[in-house]
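Just follow the structure's listing: the first ligand is 1, and inside any ligand the first atom is 1.
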Amino acid sequence: MAKIAIVGAGAIGGVVAALLQTAGRHELVLCVRRPIRQLAVSQPEGELRIDATVLTRPEEAGPVDWVMIATKAYDAEAAARWLDGLCSAGAPVAILQNGVEHRERFAPYIAKDQIVPVIVDCPAERMPSQDGVDRIAQRGPISLKVPDSTHGREFVALFAGTAADAAAVSDWTTVAWKKLCHNAVGALPALLLQPAGVLRGEAIGEVALDMVRECIAVGRAEGAVLSDSFAEEVLAASRRSAPDSINSLHADRLAGRPMETAARNGAIVRKGRAHGIPTPANAMAVALLDALTAK
Ligand SMILES: NC(=O)c1ccc[n+]([C@@H]2O[C@H](COP(=O)([O-])OP(=O)(O)OC[C@H]3O[C@@H](n4cnc5c(N)ncnc54)[C@H](OP(=O)(O)O)[C@@H]3O)[C@@H](O)[C@H]2O)c1
């Protein structure tokens, strides 16, 4: 049994809360920035109402056994305000966010050895709230990959007996960069304001391949094992996705929210620069998305 705080009760925070509740042995605390009366998660198995203490102010937070941060990467600084109270007894902090810089992002706020970076794969989205109930829709299975460390294995154990494919992997760096390769091409539909089907065009496909090849080159310099043919695999996977599907950068842009550009294509550019690897396609995507945000 563990007392687990989830910071950010959006799509991934909600799905993770539902999983941990089905484990049947944990006490849950939801740390949110606006009050919620009830959180409900529709899973492939049916709807689950979350039974948790809800906190809205970081000053209310006391020590827990585990913290899971499930905000967008651009909300890291505000999310970190919860950590003083929640980690006052030394709780490890799992960062369930996209990108490859989980440790760097939270290093200003917490000791690096307390941080467990998590690569999440799961199609999930927030639905409009109805009758005072905040709803999350989980559209498919969830996979959670952490480094094979003591805290990583403890994290996996929290999900024992649930439907999550939670695993500690020996080469987390490769898992993270593979996910970033997939995320890199998401900038194109977000820029064009067209759903995933736009990647089926020949010329756009070539640009997508350039973006993934840059990500592969930088990922290799960071220690990831990525084959040349992975670029074609990523494009083929993007083209297999439903042509009307909308990725999260695109969804954030449509909703007028900030976008995770810095954590995704921005990370490729920054780390490329550090290794002396040119990343012009990703740099252009970042410049255009940033200009749109500034506008
Ligand atoms: N959704 C997916 O299918 C998916 C799949 C794989 C990976 N991911 C990654 O998982 C991460 C989380 O994404 P998501 O889709 O779950 O985002 P989301 O649905 O936008 O949820 C983020 C939640 O964090 C809350 N929040 C922001 N700042 C906060 C703070 N200071 N204190 C408490 N709560 C705060 C937001 O509150 P409000 O409700 O007030 O906005 C929102 O409920 C991202 O890095 C994303 O790229 C998502």
Would one find an N or O of [X], backbone or side chain, under 3.5 Å from an N or O of ligand 1?
X    : answer
V120 : no
W82  : yes
E125 : no
A11  : yes
I12  : yes
G13  : no

Is the shortest heavy-atom distance from the side chain of [X] to the side chain of [Y] under 4.5 Å?
X    : Y    : result
T71  : R33  : no
S248 : R264 : yes
I119 : V169 : no
V218 : N282 : no

Part of [X] within contact of ligand 1 (heavy atoms, under 4.0 Å):
X    : value
D121 : neither
N98  : both
A263 : neither
R126 : side chain
R264 : neither
E260 : side chain
R34  : side chain

Would you tell me which option among [options] has the nearest heavy-atom contact to [atom]?
atom                    : options             : result
atom 31 (N) of ligand 1 : P123, A78, G140     : A78
atom 1 (N) of ligand 1  : A124, A76, A9, S129 : A124
atom 12 (C) of ligand 1 : A70, G186, C31, G99 : A70

For [Y], is there an ion pair with [X] - N to carboxylate O distance below 4.0 angstrom?
X    : Y    : result
E104 : K271 : yes
E77  : R105 : no
K145 : D165 : yes

In one Ile/Leu/Val/Met/Phe/Trp/Tyr side-chain cluster, 4.5 Å: L20, I142
yes
In the single-linkage hydrophobic clustering (I, L, V, M, F, W, Y; side-chain heavy atoms under 4.5 Å), do V207 and V269 co-cluster?
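Different hydrophobic clusters.
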At a 4.0 Å cut-off, with the gap strictly under it, does some heavy atom of R57 reach an atom of ligand 1?
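Under 4.0 Å: no for R57.
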Closer than 4.0 Å to some heavy atom of [X] - which atoms of ligand 1 meet that?
X    : answer
D75  : 27 (C), 28 (N)
C122 : 2 (C), 3 (O), 4 (C), 5 (C)
L96  : 10 (O), 11 (C)

Specify the closest pair of heavy atoms between A61 and L86, including all atoms of both residues, with the distance to one decimal.
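Shortest heavy-atom contact: CB-CD2, 3.7 Å.
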If you compare all heavy atoms of D252 against all heavy atoms of P258, which two are closest, and at what distance to 0.1 Å?
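D252 and P258 have their closest heavy atoms at CB-O, 3.2 Å.
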Does the plane of the ring in F106 sit parallel, tilted or perpendicular to the ring in Y109? Use 30° and 60° as the thresholds.
perpendicular
Note the single closest protein heavy atom to atom 37 (O) of ligand 1, along with its residue, its atom name and the distance in Å.
R33 NE, 3.2 Å
